[in-house]
Amino acid sequence: MFPRTHFDGDHEQFRDTASRFYQGEIGPNSDRWRQEGCVDREAFTKAGEQGYLLMWADEAYGGLGIRDLRYEQIIHEENNYYGDPAFYQNLHAMIVAPYFDKFGTQAQKQKYLPKAASGEIILAIAMTEPNAGSDLVAIRTKAEDKGEHWLLNGSKTYISNGILSDVLIVAARTGSGRSDISLFIVERGMAGFERGANLKKMGLHAQDTAELFFKDVHLPKESLLGELNKGFVHMTQCLAIERLMTAITSIAHAQVAFDLTLDYVKERRIFGKPLGAMQNTRFILAQLRAELDAQQTYVDQSILLANAGVLSAEQASAAKLLTSELEGKVMDSCLQLHGGAGYMDEYRISRLYTDARVSRIFAGANEIMLEIIGRGLGLDERKMT
């Protein structure tokens, strides 16, 4: 692997500790979680005890006050190597919780952030609907102002942490304008809020994904998160970091597959010699090694840009696009090099392959990433006609 110079000694010491945690507390449960379709709630509380949830939050809210994203990067790399990518602490800590930090009132922060930092409550965000995925302005879930409360009606689908979550941020339409969307806090147990079954997926079998239904849910006025009719703007402001987090996971996931396969081809013998001694194998892995190093360098640089507060939507979209596409390429090539064994679920490469497919879809489909990058070049139909 190409040397990674953006980490220092403190980061590497932190990595050693994190590695032991994921090897000891998360990885050993992976097979059982996949069979059960859900991780244990205790996985979140154990991560919280280590300080691995909401590390960026101020100490007053239960965090460590560490806003250096390199520490988050280490957490997610080690979880992919030794834990389970379906343990969605990333969604909880780096995608959902920051909404409270950026847009929440003091009362909302005090109510939710400390419990999220400890893992006592698990967070989710509900944007996607049956007819609205990457196109967020197409959502139909509606929240009506009834004076003393909001009345929420609609449904969401493909919601990660949909079964485990205790507190959800729900995007709902609050006006007649195309982008009149607001964000609301919905809690477990509210009357009229129901969850569908844990949805069956081709991969990430330990990650709970559900449909959500809202029928005349009475929300207190303080459930509004952020500004009225500014939900689309708020979501857009958070998407760059979400896509960077996705890129971190994609490249780490691909690195795992490469390492597994490199070991496999050194041991697997065919026609009397190691599979790795064949030119075709060497060339495939050499090409993947070069591409992985190049993309890892891009992600590492993007982390530094995010730390400096200058990561653009286009740069984050490019990171998500390139790493998830490479992840798919690596998984396919590595599974092929495993031969028939790669098709067997007992081999980790088989599970890595199916887990990886969703990366090109979530956090905005890759076709949307291309649109964002293209518009950043000034190739916007609305401005060119």
Establish, from distance only, whether the side-chain atoms of Glu291 and Gln287 form a donor-acceptor pair under 3.5 Å. yes
Side-chain touch Ile251/Glu327, heavy atoms, less than 4.5 angstrom: no
Should Lys273 and Met278 count as side-chain neighbours, where that means a heavy-atom distance under 4.5 Å? yes
Can you spot which of Phe214, Trp150, Phe193 makes a ring pair (Phe, Tyr, Trp, His ring centres under 6.0 Å) with Phe184? Trp150
If the threshold is 4.0 Å, N to carboxylate O, is there a salt bridge linking Arg67 and Asp101? yes
Strictly by modelled atom types, are His11 and Asp8 linked by a side-chain donor-acceptor pair under 3.5 Å? yes
Could you tell me whether Glu222 and Lys111 have a side-chain N and a carboxylate O separated by less than 4.0 Å? no
For the side chain of Glu211 and the backbone of Leu199, is there at least one donor-acceptor N/O pair under 3.5 Å apart? no
Please assess Glu194 against Lys215 for the test side chain to side chain contact (heavy atoms under 4.5 Å, CB included), listing each intermediate value before the final yes or no. CA-CA 8 Å; Glu194 297 183 0; Lys215 184 176 181 180; over 6 Å; no
With no hydrogens and no angle check, do the side chains of Glu187 and Tyr112 hold a donor and an acceptor under 3.5 Å apart? yes
Evaluate ring-ring contact (aromatic ring centres under 6.0 Å, His included) for Tyr264 paired with His338, printing each intermediate quantity in order. CA-CA 7 Å; Tyr264 180 81; His338 275 76; 4.2 Å; yes
Can you find a heavy atom in the side chain of Thr281 that is under 4.5 Å from one in the side chain of Leu337? yes
Quick check on the 6.0 Å ring-centre criterion: do Tyr71 and Tyr52 meet it? no
Decide if the gap between the ring center of Tyr353 and the ring center of Tyr343 is smaller than 6.0 angstrom. no
For Thr354 and Met331: C-alpha separation, side-chain torsions, deciding distance, then whether side chain to side chain contact (heavy atoms under 4.5 Å, CB included) applies. CA-CA 9 Å; Thr354 53; Met331 296 302 172; over 6 Å; no
Do Glu129 and Thr141 have a side chain donor and acceptor closer than 3.5 Å? yes
Any donor-acceptor pair under 3.5 Å linking the side-chain atoms of Asn366 with those of Glu325? yes
Pairwise side-chain contact, Met344 with Ser350, heavy-atom cut-off 4.5 Å (strictly under): no
Evaluate the side-chain proximity of His234 to Lys102: yes if any heavy-atom separation is below 4.5 Å, no if none is. no
I'd like to know if the side chain of Gln255 pairs up with that of Asp259 as donor and acceptor (distance under 3.5 Å, no hydrogens or angles considered). no
Side chains of Pro98 and Trp56: closer than 4.5 Å at any heavy-atom pair? yes
Between Lys230 and Leu183 (side chain of the first, backbone of the second, donor and acceptor by atom type, cut-off under 3.5 Å), is there such a pair? no
If we count only N and O atoms by modelled type, under 3.5 Å, do the side chains of Gln207 and Asp355 hold a donor and an acceptor together? no
